[in-house]
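Please read the structure below before turning to the comments.
Please read all numbers here as calculations on a predicted model, not as lab measurements.
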Amino acid sequence: MKYTPLGNTDLNVSRLCFGCWQLSPSFWGDIDIKPWEEAVRVAVDSGINFLDTADAYGNGYAEEQLGRLMQTENLRDKFIVATKFYWNFTAPDARFADTTYDYIISACEASLKRLRTDHIDLYQIHAWDPITRPDEVARAFAKLKEEGKVRWFGVSNLNPEQMELYRGHFDISSLQPPYSLLNRTIETRELPYCLNHNIGVINYSPLFRGLLGGRYHADSVIEGARASGPYFHGEGLRIITEAVDQAKQIAVALNLTVAQLALRWTLSNPAITSAIVGVKKPDHILGSLKAAEDVLSQRDWHQLGNLFAKAVAQLETQTV
Ligand SMILES: NC(=O)c1ccc[n+]([C@@H]2O[C@H](COP(=O)([O-])OP(=O)(O)OC[C@H]3O[C@@H](n4cnc5c(N)ncnc54)[C@H](OP(=O)(O)O)[C@@H]3O)[C@@H](O)[C@H]2O)c1
């Protein structure tokens with residue numbers, strides 16, 4: 001496994017990060033916990049030292065499972081643990097965005113308890129909260145840092161203006177945005193901003209929620225909440241799986257699977273620190289490892305990018 005410093009921190013993270021959103025039954029359906037636990041062990045054995053979760057994943061379930069496993073198998077020291085707060089799910093009805101001082105302090109305490117740890121390595125704001133002042137967020141962060149409960153702070157799903165506003169009040173070490181062959185929005189503004197300010201980037205959905213994993217065909221029936229996306233059924237699925245089939249030929253020539261190629265494509269961008277792979281079972285880790293061994297040539301990176309850009313454009317033309 002290859003490692004790289006995360007932005008301005010002293011954290012040396014593996015280029016693949018273990019993503020825990022899959023422990024969110026409301027989106028991914030019920031997950032078999034034994035293969036997931038084995039995947040965590042396989043990740044440790046493979047040198048993956050970076051793990052991403054959130055309090056909102058399964059309303060605490062993901063953090064609880066992780067905390068239990070880390071404690072019973074003595075794994076806490078094996079991982080740089082990143083988690084997130086933002087969704088206040090303490091009320092019995094709908095969840096809402098909350099980055100107020102009191103909520104941050106209580107959310108962090110709750111995450112520490114579920115994770116069965118005394119500190120969080122990277123504490124991330126899950127998304128933008130338009131109605132809480134940045135200086136209020138900064139006060140909570142200063143207290144958590146002073147008490148040793150959090151080491152570094154990051155953000156997720158923010159644009160450069162939002163990061164700039166926060167950076168006037170506290171240090172941002174990382175951004176967690178979506179980035180893959182099927183979603184390149186951040187290339188224009190967020191990635192140059194992060195490079196310029198030494199902010200680490202840990203990209204989520206590098207396999208576009210599994211669609212770039214190579215398992216699906218035009219007539220596949222994809223279950224669960226992700227099926228609602230336009231690429232996951234009908235004409236969208238047909239066009240994207242056709243592009244995936246073409247990408248498989250490039251992958252074979254490089255002695256990679258198409259999933260490894262798609263992951264390596266994101267890791268070849270110099271602004272990307274670590275790609276977060278969503279994991280349900282050991283094969284998801286074992287099948288991803290090779291991606292991090294090297295980067296793509298300029299030629300292969302552009303060829304692959306153009307292939308999927310064409311597919312996306314084709315779909316957009318058809319849906320206008
Ligand atoms: N900050 C945020 O707002 C945010 C949002 C989304 C995700 N995240 C984080 O990012 C992580 C990853 O994102 P994601 O789950 O959306 O996307 P992803 O990694 O693009 O997709 C995960 C899916 O890809 C498939 N897969 C995984 N490894 C594979 C391999 N080696 N070969 C073939 N297929 C493979 C599996 O799908 P199948 O079930 O089809 O096999 C898996 O469920 C999450 O777990 C979470 O930690 C953060």
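- Applying the under-4.5 Å side-chain rule to Ile, Leu, Val, Met, Phe, Trp and Tyr, the cluster around F96 consists of that residue alone.
- With contacts defined as side-chain heavy-atom distances shorter than 4.5 Å, the pair L16/L267 qualifies.
- For the pair W36 and L66, the minimum side-chain heavy-atom distance is below 4.5 Å.
- R15 and S274 share no side-chain donor-acceptor pair at under 3.5 Å.
- Between P192 and N196, the closest side-chain pair of non-hydrogen atoms is not below 4.5 Å.
- A side-chain donor from one of D98 and T100 sits under 3.5 Å from a side-chain acceptor of the other.
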Test salt bridge (charged side-chain N to carboxylate O under 4.0 Å, His left out) applied to K281 and D283, step by step: CA-CA 6 Å; K281 54 186 181 182; D283 278 357; 5.1 Å; no
Step by step, work out the side chain to side chain contact (heavy atoms under 4.5 Å, CB included) result for C17 and I202. CA-CA 8 Å; C17 176; I202 51 180; 5.7 Å; no
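- A donor and an acceptor atom, one from each side chain of Y179 and N269, are located under 3.5 Å apart.
- Defined by atom type and a distance below 3.5 Å, a donor-acceptor pair is missing between the side-chain atoms of N157 and Q176.
- A 4.5 Å side-chain heavy-atom check between E190 and L158 finds every atom pair outside the cut-off.
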Determine, stepwise, if the pair L195 / Y193 fulfils side chain to side chain contact (heavy atoms under 4.5 Å, CB included). CA-CA 6 Å; L195 270 180; Y193 182 87; over 6 Å; no
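- Counting heavy atoms from C-beta on, the side chains of V150 and F141 never come closer than 4.5 Å.
- Using modelled atom types and a 3.5 Å distance limit, the side chains of S111 and D55 yield no donor-acceptor pair.
- There is a side-chain donor-acceptor pair under 3.5 Å between Y57 and K84.
- Atom CZ of R189 is surrounded by more than 12 heavy atoms from other residues, nucleotides or ligands within 6.0 Å.
- Residue I33 is not grouped with residue W28 when hydrophobic side chains (ILVMFWY) are merged at heavy-atom distances under 4.5 angstrom, including chains of intermediate members.
- Each side-chain hydrogen bond (donor to acceptor under 3.5 Å, both in side chains) pair with one or both residues in residues 138-151, not counting sequence neighbours, appears once here: D10-R151, E109-K149, K143-E147, E147-K149.
- Aromatic ring centres of Y123 and F85: separated by under 6.0 Å.
- Among the candidates D300, L296, L212, the single residue satisfying the side-chain contact (heavy atoms from CB on, under 4.5 Å) test with L261 is L296.
- Side-chain atoms of Y103 and D129 form no donor-acceptor pair, as typed in the model, at a separation below 3.5 Å.
- Residues satisfying the ring-ring contact (aromatic ring centres under 6.0 Å, His included) criterion with Y231, sequence neighbours excluded, are F208.
- Counting heavy-atom neighbours within 6.0 Å of K248 NZ, excluding the residue itself, gives a total above 12.
- With sequence neighbours excluded, no residue forms a ring-ring contact (aromatic ring centres under 6.0 Å, His included) with W152.
- Using a 4.5 Å cut-off on side-chain heavy atoms (C-beta onward), P282 and P35 make contact.
- Residue N306 places its CG atom among more than 12 non-hydrogen atoms of other residues, nucleotides or ligands, all under 6.0 Å distant.
- For the 3.5 Å distance criterion, the side chains of Q124 and T83 fail to qualify, holding no donor opposite an acceptor.
- Residues forming a ring-ring contact (aromatic ring centres under 6.0 Å, His included) with F27 (at least two apart in sequence, or on another chain): W21.
- In this structure F308 satisfies the ring-ring contact (aromatic ring centres under 6.0 Å, His included) test with no other residue, sequence neighbours excluded.
- Between T99 and Y86 the shortest side-chain heavy-atom distance falls below 4.5 Å.
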